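One structure is given here, and the rest of the page talks about it.
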Amino acid sequence: MTARRILLGVSGGIAAYKTAELVRLFKKAGAEVKVVMTPDATRFVTPLTMGTLSENEVFIEIFPENESGSWTKHVSLGLWADLFVVAPATAQTLSKLASGACDSMLTAVALTARCPSLLCPAMDHDMYVHAATSNNLETLRARGAFVMEAEFGELASGLVGQGRLPEPQAIFDRALEILKAASLAKTGPLAGKKVLVTAGPTREAIDPVRYISNHSTGTMGYELARSAARRGADVVLVSGPTSLETPKDVRRIDVVTAAEMHQAVKEHVDADIVIMVAAVADYAAATVSTSKIKKDGSNRTLQLEPTVDILASLGASKSSGQLLVGFALETDNQVENATDKLNRKNLDWIILNNPKEDGAGFGTGTNRVTLLSKQGKVIELPKMPKDEVAEAILELVS
Ligand code: CTP
């Protein structure tokens, strides 16, 4: 569920209150959640509750209150999502979804979402078993929607019958199953493989306003993540601070420090291929000042201590089926130093570049790299745009 993008549509039924717990479950599992509510749903659970739990703005109307604002959110939200869950889906909302009516943000988003959708109907028993509702559900199923049958039990009307919303945990489990299946159904040479890429710089605080970092922009790592996703892989991108957009179909986890990056990497150590492109700061301040250090001249010495070498720790515990790729930025004795890193960190490949060379390294749109393998292969690539370098690297490693 990590960094999966869940769009939760809540329509107006008493079971809407249960979706607050559902948001909590998704968030706890590491997903990003955005909530859209029908105007009637706000009678049962407040947008403030859903906004606070999801840590995102809640959308209700298609047209913004501020008329000069953007009104195309229904398109961007639909494209953003990895999974659209409608819970509870009332009889009215199901009818609108089946007919294609789009009078609220929820129903409009249903028409723009390209991801799978999971509908969780909840309503009174007679409404649920009515031929109109059954026909609507049939239509939606035939269009590819996943439907969770309502449960049997006591209903808000006092009647007993089928119509209860399944428990949040059951909806969560079904959502996870659908996401897993969608990821396995991908095609391409890396389909069914999990690829972990790290990118960008890390930042180590000195005091509340200053930090140690480097010039990495993250471009090379983002291109590798994009290229792996295009080849059908399930891609997790652990990214230091950058200004880049998340590539399509890539799960991104944002981190700041080397320690945070290490933690995020450890959670995805089951990846089949790991490509460590991040320019991890090698040292951090031994103590981080809680107040801004003043220039009174009293102490100008910064004590440093090494950060954890993430790649070396991955190499030390590498499983036999895993492919480990590192990057080396070398200005002198390039091949010798890179080969030493390849062996020392127990890598399968190391990708060498020299930031001093024209059109290579940080902040350029191009790169010129040499690939060195554990078996002693040396492949020199000419200077190319970074997206083509990424393609060439993935062609080789996959
Ligand atoms: N790396 C890492 N953790 C660190 C430092 C580096 O995982 N704390 C990874 C980088 O992502 C890269 C590789 O190690 O894939 C090489 O990084 P580099 O900084 O060039 O190598 P170092 O081993 O730190 O050696 P040196 O600074 O002496 O060149």
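None of the values given here were measured: they were computed from a predicted structure.
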Is there side-chain contact between [X] and [Y], with heavy atoms separated by less than 4.5 Å?
X	Y	result
Leu77	Val36	yes
Ile171	Leu165	yes
Trp349	Leu372	no
Arg174	Phe146	yes
Val35	Val23	yes
Leu22	Leu8	yes
Arg251	Thr246	no
Leu155	Val160	no

[X] with [Y]: basic N within carboxylate O range, under 4.0 Å:
X	Y	answer
Glu391	Arg230	yes
Arg4	Glu32	no
Asp387	Arg226	no
Lys193	Asp234	no
Lys186	Asp249	no
Lys180	Glu177	no

Spatial distance of atom [atom1] ([X]) from atom [atom2] ([Y]) [nearest 0.5 Å]:
X	Y	atom1	atom2	answer
Thr198	Leu224	OG1	CG	10.0 Å
Leu342	Asp348	CG	CG	8.0 Å
Met1	Phe172	CE	CZ	4.0 Å
Asn136	Ser99	CG	OG	7.5 Å
Ser213	Ile206	OG	CD1	10.5 Å
Arg141	Ser134	CZ	OG	9.0 Å

Would [X] and [Y] count as having a side-chain donor-acceptor pair, cut-off 3.5 Å?
X	Y	answer
Tyr17	Thr49	no
Thr307	Tyr283	no
Tyr128	Glu149	yes
Thr219	Thr217	yes

Q. Should Ile60 and Thr42 be marked as a side-chain contact (heavy atoms from CB on, under 4.5 Å) after you check the CA-CA gap, both sets of side-chain angles, and the distance that decides it?
A. CA-CA 9 Å; Ile60 300 159; Thr42 64; 3.8 Å; yes

When you group the ILVMFWY residues by side-chain heavy-atom contacts below 4.5 Å and let the links chain together, are [Y] and [X] in the same group?
X	Y	value
Leu323	Leu311	no
Val58	Phe26	yes
Leu324	Ile351	no
Leu7	Val85	no
Ile350	Leu196	yes

Exam field: side chain [X] to backbone [Y], donor-acceptor pair closer than 3.5 Å:
X	Y	result
Ser11	Thr90	yes
Asp340	Glu336	no
Asn337	Glu330	no
Asn214	Ser216	yes
His125	Gln162	yes
Asn56	Val33	yes
Arg164	Glu154	yes
Arg210	Ile293	yes
Arg143	Glu138	no
Thr93	Ala89	no

Ignoring hydrogens, what is the shortest heavy-atom contact between [X] and [Y]? Give both atom names and the distance.
X	Y	result
Gly315	Asn346	O-ND2, 2.8 Å
Val10	Met50	CG2-CE, 4.0 Å
Ile212	Ala285	CD1-N, 4.2 Å
Ala175	Leu83	CB-CD2, 3.5 Å
Ala338	Leu352	CB-CD1, 4.1 Å
Pro116	Ala182	CG-CB, 4.5 Å

Q: Check the pair Glu395, Arg231 against salt bridge (Lys or Arg N to Asp or Glu O under 4.0 Å), reporting the backbone distance first and the verdict last.
A: CA-CA 10 Å; Glu395 190 62 42; Arg231 285 157 196 269; 3.3 Å; yes

(Q) Taking side chain to side chain contact (heavy atoms under 4.5 Å, CB included) as the criterion, tell me which of Asn135, Leu97, Val86 meets it with Leu140. (A) Leu97

Q: Evaluate the criterion side-chain contact (heavy atoms from CB on, under 4.5 Å) for residue pair Asn353 and Asn367; output intermediate values, then yes/no.
A: CA-CA 8 Å; Asn353 52 27; Asn367 211 354; 3.1 Å; yes

Q) So Lys377 and Leu371, side-chain contact (heavy atoms from CB on, under 4.5 Å) or not? Walk me through it. A) CA-CA 8 Å; Lys377 271 193 211 161; Leu371 286 78; over 6 Å; no

Q.
Using side-chain contact (heavy atoms from CB on, under 4.5 Å), reason through Val197 and Val238 one step at a time and then give a plain yes or no.
A. CA-CA 6 Å; Val197 181; Val238 176; over 6 Å; no

Q: List in chain and number order the residues that pass side chain to side chain contact (heavy atoms under 4.5 Å, CB included) with Lys248, two or more places apart in sequence or in another chain; answer none if no residue qualifies.
A: none

Q | Members sharing Val256's hydrophobic cluster (side chains within less than 4.5 Å) | A | none

N/O donor to acceptor pairs below 3.5 angstrom from side-chain atoms of residues 270-280, sequence neighbours left out:
residue, atom, partner, partner atom, Å
Asp270, OD1, Lys194, NZ, 2.9
Asp272, OD2, Lys194, N, 2.7

**Q.** Within 45° cone and under 6.0 Å: Lys34 NZ/CZ vs Trp80 ring
**A.** yes

Q) Is the number of heavy atoms from other residues, nucleotides or ligands within 6.0 Å of CD (Gln92) greater than 12? A) no

